[in-house]
2 protein chains.
Amino acid sequence: MKLPGKTVERLSEYRRTLLECLNEKRNFIFSHDLAARLHITAVQVRRDLMLIGYSSVLRKGYDVRELIDTIGKIIDSDSSMNVAVIGIGNLGRAVAGYFKGKRSKLNLVASFDNDPQKINKVISGVKCYPYNDIERMIKELDIRIAILTVPPDFARELTEEVVRYGIKGIMNFTTTPLNVPSGVYLEEYDMITSIEKVAYFVKENKI
Amino acid sequence: MKLPGKTVERLSEYRRTLLECLNEKRNFIFSHDLAARLHITAVQVRRDLMLIGYSSVLRKGYDVRELIDTIGKIIDSDSSMNVAVIGIGNLGRAVAGYFKGKRSKLNLVASFDNDPQKINKVISGVKCYPYNDIERMIKELDIRIAILTVPPDFARELTEEVVRYGIKGIMNFTTTPLNVPSGVYLEEYDMITSIEKVAYFVKENKI
DNA sequence: GGCCCAATGTTAATAAAATAACAATGCTCA
DNA sequence: TGAGCATTGTTATTTTATTAACATTGGGCC
């Protein structure tokens, strides 16, 4: 099945919202209700769910638990997938924090940094290794995904390295644009760009 | 002028890349060269620049300095715009760090948090005030944009507050979806969603 | 000067995403 | 039971974004 990127993003959001519903002991939810929580339209929700072939048996909305499982079957891998954070500064710690207590198929299993203060310590719930150990640890822990939160100047070099050692997906949070060989999936996000975008639209609103 | 959101994002990226060119003493750059640095196509670059009405006088590529200025005229506001970070945990500090040393029309002028350890201290280059001071400081410092990096449970409440006090743009980095009245621009970004997307495409690539 | 050519600016075509329209389903309640 | 209705699943339309096509420009070089 080939899902649009935007749909994949929303599925992740649906699942998180549905997990919140479970906490609230809500076992069924209407498409318009789920949509409202995410500030999108009900049509969009239904369309996305159509794409993954889910359909509610009842007309009492979607079975929350069932839908969570269905989404999991689509976006999770069968077995769990191991992740590492490269660069455990403020941003790296923030990202690592998100993994704590989340039940997910994504396991954060290591972080890397070259600061002697950090090496071999457990930071934000994950052990930090020096860059020298990257090759060994990627192989030893079967790490598939790298989250890059290093200073911009190290980004390219480290990317080449982790790709060479078998990383198949990179989430790049640095301001350095990267390129990766085909077969490796790259997602990039730049905070400053988003913030400048906000500034632009604030300005255009004329205030 | 009404620019597509994606174009605005890219303009921000063009500018940063162009500033790097200046550092390298490169005063002219071809569209395909600029494109290559950002891993997009030259057509896209030219099209974006067309939309902002920029055209190179020479056929030796774009005048880097001139283009930086032109982009600035489009995406920056005339006077500088003040920004605050709300919640100065790991993520808040990471964001604050990006503002340091950046010459931009966006000024980070305050942060807010309720941790007594942080209040009234300068953290990541910006003074931290307690939540109680939000109203006063927004008005006193003429803060227009709020960057939300608080725990999810506080997000909604704080948003209502800052909107009431005159914030016109919100960058939401929490996992809580927000809604804002019209006239306020909201941009949301969720790291976990992006990372799950990476995991999905890694899985689909079949490895 | 005038031909060549690389690079641009613009219009046209395609692809992707969001929205709208609507038929079908099955629950509710008289 | 069956009409009414809320909600769904799906197809069609519109909007937005990207890519392709191409005419134009003006400098380099003989």
Side-chain angles (χ1 to χ4, degrees), chain A residues 1-14 18 21 26-64 66-67 70-71 74 177 186-188 193-194 197 200-201 204, chain B residues 1-14 18 21 26-64 66-67 70-71 74 177 186-188 193-194 197 200-201 204:
Chain A
M1 195 192 320
K2 197 141 162 294
L3 255 30
K6 295 283 181 183
T7 294
V8 175
E9 290 178 16
R10 282 190 297 265
L11 287 173
S12 161
E13 288 165 358
Y14 296 157
L18 291 166
C21 289
R26 258 178 147 290
N27 291 315
F28 290 90
I29 189 167
F30 295 126
S31 61
H32 61 256
D33 208 348
L34 180 52
R37 290 183 182 231
L38 290 161
H39 309 121
I40 60 177
T41 67
V43 182
Q44 185 123 69
V45 171
R46 296 204 299 272
R47 217 179 178 295
D48 286 334
L49 298 188
M50 188 197 82
L51 290 176
I52 63 171
Y54 180 77
S55 70
S56 64
V57 182
L58 305 175
R59 302 290 135 170
K60 272 291 163 193
Y62 302 105
D63 182 316
V64 173
E66 199 174 274
L67 187 47
T70 305
I71 292 176
I74 302 291
L186 171 67
E187 177 85 14
E188 310 199 278
T193 294
S194 289
K197 188 179 172 192
Y200 171 78
F201 283 109
E204 288 305 292
Chain B
M1 195 192 321
K2 194 141 163 293
L3 255 29
K6 297 282 181 181
T7 295
V8 175
E9 291 178 17
R10 281 190 297 264
L11 287 173
S12 162
E13 289 164 358
Y14 296 157
L18 292 165
C21 290
R26 259 182 146 287
N27 291 315
F28 292 90
I29 190 167
F30 295 127
S31 60
H32 61 257
D33 208 348
L34 180 52
R37 290 183 181 230
L38 290 160
H39 309 120
I40 60 176
T41 67
V43 182
Q44 186 124 68
V45 171
R46 295 205 298 273
R47 215 180 181 294
D48 286 334
L49 298 187
M50 188 197 82
L51 290 176
I52 65 171
Y54 180 76
S55 70
S56 64
V57 181
L58 305 174
R59 303 292 134 168
K60 274 290 162 195
Y62 301 106
D63 182 316
V64 173
E66 200 174 273
L67 187 46
T70 305
I71 292 176
I74 302 290
L186 171 66
E187 177 86 13
E188 310 199 278
T193 292
S194 288
K197 189 179 171 191
Y200 171 79
F201 283 109
E204 287 304 293

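Note on naming: letters A, B, ... go to the chains in the order of the sequence lines (proteins, then strands), and numbering restarts at 1 for each one. Every value quoted in this text rests on a predicted model; they were computed, and no experiment measured them.
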field: For atom NE2 of A/His39 and atom P of C/dA18, their distance in whole Å
entry: 17 Å
message: In whole Å, I'd like the distance from the CG atom of A/Leu51 to the P atom of D/dT8.
response: 16 Å
- prompt: How long is the line joining CD1 of B/Ile40 and P of D/dT18, in whole Å?
  reply: 9 Å
message: How close do B/Thr193 and A/Glu13 get, counting heavy atoms only, and between which atoms?
response: OG1-CG, 3.5 Å
message: Please find the pair of heavy atoms, one from A/Tyr14 and one from A/Val45, that lie closest to each other, and give the distance.
response: OH-CA, 3.4 Å
query: Rounding to a whole Å, what distance do you find between A/Gln44:CD and D/dT8:P?
result: 15 Å
statement: Closest heavy-atom pair, A/Gly61 versus A/Phe28, reported as atoms and distance to 0.1 Å, is O-CD2, 3.9 Å
- prompt: Is there side-chain contact between B/Asp48 and B/Ile52, with heavy atoms separated by less than 4.5 Å?
  reply: no
N/O contacts under 3.5 Å, protein versus nucleotides 6-15 of chain C?
| from | atom 1 | to | atom 2 | distance (Å) |
| --- | --- | --- | --- | --- |
| C/dT8 | OP1 | B/Ser31 | N | 3.0 |
| C/dT8 | OP2 | B/Ser31 | OG | 2.4 |
| C/dG9 | OP1 | B/Ser56 | N | 2.8 |
| C/dG9 | OP2 | B/Tyr62 | OH | 2.9 |
| C/dG9 | N7 | B/Arg46 | NE | 3.1 |
| C/dG9 | O6 | B/Arg46 | NH2 | 3.1 |

- request: Find the distance B/Lys6:NZ to C/dA16:C1' and express it as a whole number of Å.
  value: 11 Å
- request: Give the rounded distance in Å between these two atoms: CG of A/Leu34 and P of D/dT7.
  value: 14 Å
field: Distance-minimising heavy-atom pair for B/Pro177 and B/Glu188
entry: CA-OE2, 3.6 Å
- request: Would you indicate whether the side-chain heavy atoms of B/Asp33 and B/Cys21 approach each other to under 4.5 Å?
  value: no
